[in-house]
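Letters A, B, ... are given to chains in the order of the sequence lines, protein chains preceding strands, and every chain is numbered from 1. Atoms considered below: every heavy atom in the structure, side chains included; atoms not considered: hydrogens, waters and symmetry mates.
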Protein chains: 2
Amino acid sequence: MSQQLFEHLNRFVQISKGDFKDIIEFFEVKKVEKKEVLARAGTLCNSIFFVEKGCLRMYFISEKGIEQTIQFALENWWMTDDLAYTERNPSDFYIQAVENAQVLSISYDQQERLLHTFPQLEKYFRRVYQIAYGSSIRKMKYLNSFSKEEIYFHFTAHFPEFAQRVPQYLIASFLGLTPEYVSEIRAKKRS
Amino acid sequence: MSQQLFEHLNRFVQISKGDFKDIIEFFEVKKVEKKEVLARAGTLCNSIFFVEKGCLRMYFISEKGIEQTIQFALENWWMTDDLAYTERNPSDFYIQAVENAQVLSISYDQQERLLHTFPQLEKYFRRVYQIAYGSSIRKMKYLNSFSKEEIYFHFTAHFPEFAQRVPQYLIASFLGLTPEYVSEIRAKKRS
DNA sequence: CGATTTTTTGAATCATATCAACGTACGTGG
DNA sequence: CCACGTACGTTGATATGATTCAAAAAATCG
C-alpha cells in the first residue's frame with residue numbers, strides 16, 4: 001500500500017481504496033541506493049518509475065564523455081525515457097538515483113494491462129504527461145530567454161529544494177552550465 | 001469531416017466513422033492566414049489546435065523585445081500552451097500561423113465534454129502527450145550536447161521539411177541561435 | 001582520520017552575440 | 001507585368017559570456 005501513489009492518483013482521478021489495492025499489485029517496489037543505476041542507455045527502456053522517496057536523475061554521456069543531466073524526478077514524479085518507452089526502442093539515457101530512493105516500477109506490458117483493467121487511469125496519465133510536456137516547454141522558454149547566470153539563479157530561487165538536495169554540479173549540468181562557471185557566478189554574487 | 005484527424009486518432013485508438021461524426025462536432029474549423037495570431041500571451045489559453053494544413057509556431061517576446069520561437073506544429077500536431085491550458089492561467093506564449101493554415105480548434109470545456117463522452121480519447125491524448133514530452137526531452141538532449149553550429153545542421157538534416165517551409169530566422173530562433181550566426185556558419189560550410 | 005567527492009580559483013581561449021549596413025528576393029497593388 | 005516596399009538573408013568588425021584546463025581547497029563519508 002503506497003499512500004504516496006494513492007494520493008497522487010486521486011489528485012487527478014477518483015480511485016477507491018478497493019481499486020487501489022488491485023492497482024498497486026501491478027507495481028514492484030524498488031529500493032535503490034545513491035548512485036545506483038536503474039536504466040541504461042543502449043538497453044530497452046521497459047519500465048516507468050514513480051518516485052516515492054528520494055531523487056532520480058536522467059542523463060546521457062556526451063561525445064566528449066561528459067555526463068549531461070537532462071531531467072530530475074523528486075517525490076511524486078514519474079520518470080522514464082518516454083520516447084524510447086513508447087516506441088519500444090533502446091534508450092538514449094541512464095537513470096540513476098541521486099539519493100537513496102524508493103520507487104515503484106511498472107513494466108510496459110504491466111502498464112498496458114493496468115490501463116486495460118482500469119481505463120480511468122488513462123486520464124491520470126494524460127494529465128501527468130500534459131503537465132510534464134507543458135513544464136518542459138516552460139523550461140525551454142527559460143533556457144532561451146536568459147543568460148546562463150540568470151538561468152542558474154532563477155532556477156535555484158524557484159526550486160530551492162533542488163539546490164538543497166542536489167549537488168551543484170548536477171544542477172549545472174541540468175541547466176547547461178559548467179560547474180566552474182557556477183562557482184564563478186556564485187562567488188561574484190557573494191562579493 | 002476531417003480525414004486528417006480521423007486518421008490520426010486511429011493511429012492510437014480505434015474510432016469508428018460513426019463515432020467520429022459525433023467527435024468532430026466538438027471542433028471548430030479555422031482558416032488562418034500567414035502571420036495571423038491564434039492566441040496571445042497574457043490572455044487565457046482556452047483552446048487546443050490541431051493542424052490540418054499549414055504550420056503554426058509558438059513564441060514569446062523576451063525582455064529585450066525579441067520574438068523567441070519555442071515550438072512549431074506542422075500537419076497532425078496539436079498545439080497550445082499546455083501548462084496554462086491545464087491550469088487555466090494566462091499564457092506565456094503567442095501562437096501564430098507561419099503559413100496559411102487550417103486548424104481544428106477545441107475549447108477547454110468542449111474538450112472536457114468530449115473526453116467525458118468518448119473516454120477512449122483519453123488514451124489517444126495520453127499517447128500524444130507522452131510522445132510530445134519524450135520528443136521535447138530529446139530536443140533538450142541535443143541542445144545540451146552540441147554546439148550551436150552542430151545543432152543547426154543536425155536539425156536541418158533531420159527535419160528538412162522545416163528548412164524548406166520555415167524561414168531561416170525562425171529556425172534560428174527555435175534553436176537558440178541568432179540569424180546572423182546561422183548566416184555565418186552556412187557561408188563557412190559552403191566554402 | 002584518510003579517501004573520495006564536490007567546489008573553488010585563475011588564466012587563456014573560443015564560440016557566439018551584437019550592431020550596423022548592405023544585398024537580395026519576393027509578393028502586392030497599380 | 002513592372003515597380004516598389006517590406007521581409008529576409010548576408011557580411012564584417014567588435015565585444016563578451018562562457019568554456020576549458022589544471023590545480024588546489026573544502027566538504028563529506030565510511
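At the heavy-atom level, B/K188 lies nowhere under 4.0 Å from the strands shown. A/Y169 comes within 4.0 angstrom of the backbone, heavy atoms only, and of no base. Here B/K34 lies out of heavy-atom contact (under 4.0 Å) with every strand.
What separates CD of A/E99 from P of C/dT5 is a distance of 18 Å, to the nearest Å. Atom pair A/F146:CZ and C/dA17:C1' shows a separation of 18 Å (rounding to whole Å applied). Atom CD of A/Q96 is separated from atom P of C/dT5 by 12 Å (rounded to the nearest Å). Distance, B/E149 CD to C/dA17 P: 12 Å, rounded to whole Å. In this structure, CD of A/E184 is placed 12 Å from P of C/dA11, rounded to the nearest angstrom. One interatomic measurement links the two molecules: OH of B/Y152 to C1' of C/dA15, which rounds to 18 Å at whole-angstrom precision. Remark: C1' of C/dA17 and NZ of B/K148 are 9 Å apart, rounded to the nearest angstrom. Note: CD (B/E33) to P (C/dT28) measures 9 Å, nearest angstrom.
Salt-bridge annotation for B/E99 and B/K53: absent, with no side-chain N of the basic residue lying under 4.0 Å from a carboxylate O of the acidic one. Residues A/K189 and A/E149 are not paired through a salt bridge, judged by the lack of any N-O separation under 4.0 Å between the basic side chain and the carboxylate. In this structure, B/R165 pairs ionically with B/E75, as a charged nitrogen and a carboxylate oxygen lie closer than 4.0 Å. Ion pairing between a basic and an acidic side chain is recognised when a charged N comes within 4.0 Å of a carboxylate O; B/E67 and B/K35 show no such pairing.
Judged purely by distance below 3.5 Å, without hydrogens or angles, the side chains of A/Y59 and A/Q68 never pair a donor atom with an acceptor atom.
Within residues 154-162 of chain B, no residue places a heavy atom under 4.0 Å from DNA chain D.
Taking five base pairs at each end of the helix from C/dC1-D/dG30 to C/dA21-D/dT10, the local helix axes there meet at an angle of 50°, rounded to 10°.
The aromatic ring centroids of A/F159 and A/F155 lie less than 6.0 Å from each other. Checked against the 6.0 Å centroid threshold, B/Y94 and B/F60 do not count as a close aromatic pair.
Mapped onto DNA chain C by nearest heavy atom, A/E180 and B/L177 fall at different nucleotides, with A/E180 at the one closer to the 5' end.
Heavy atoms only, all atoms of each residue included: B/C45 and B/T80 are closest at SG-OG1, 3.0 Å. Nearest approach of A/E122 to B/K123, heavy atoms of both residues: OE2-NZ, 2.8 Å.
Under a cutoff of 6.0 Å and an axis angle of 45°, A/R88 and A/Y108 form a cation-pi pair.
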Before you tell me yes or no, could you show the steps for B/N76 and B/R11 under side chain to side chain contact (heavy atoms under 4.5 Å, CB included), namely the whole-Å CA-CA distance, both residues' side-chain angles and the distance that decides it to 0.1 Å? CA-CA 11 Å; B/N76 295 327; B/R11 273 198 218 168; 3.7 Å; yes

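Phosphate contact (OP1/OP2 of C/dT5, side-chain N/O of A/Q168, threshold under 4.0 Å): absent.
Classified by interplanar angle (parallel below 30°, tilted 30° to 60°, perpendicular above 60°), the ring pair B/H8/B/F12 is perpendicular.
The side chain of A/R186 sits closest to C/dT7 out of C/dT7, C/dT16, C/dA20.
Using a 4.0 Å cutoff to heavy atoms of chain A, the contacted part of DNA chain D runs 5' to 3' from D/dG17 to D/dC21.
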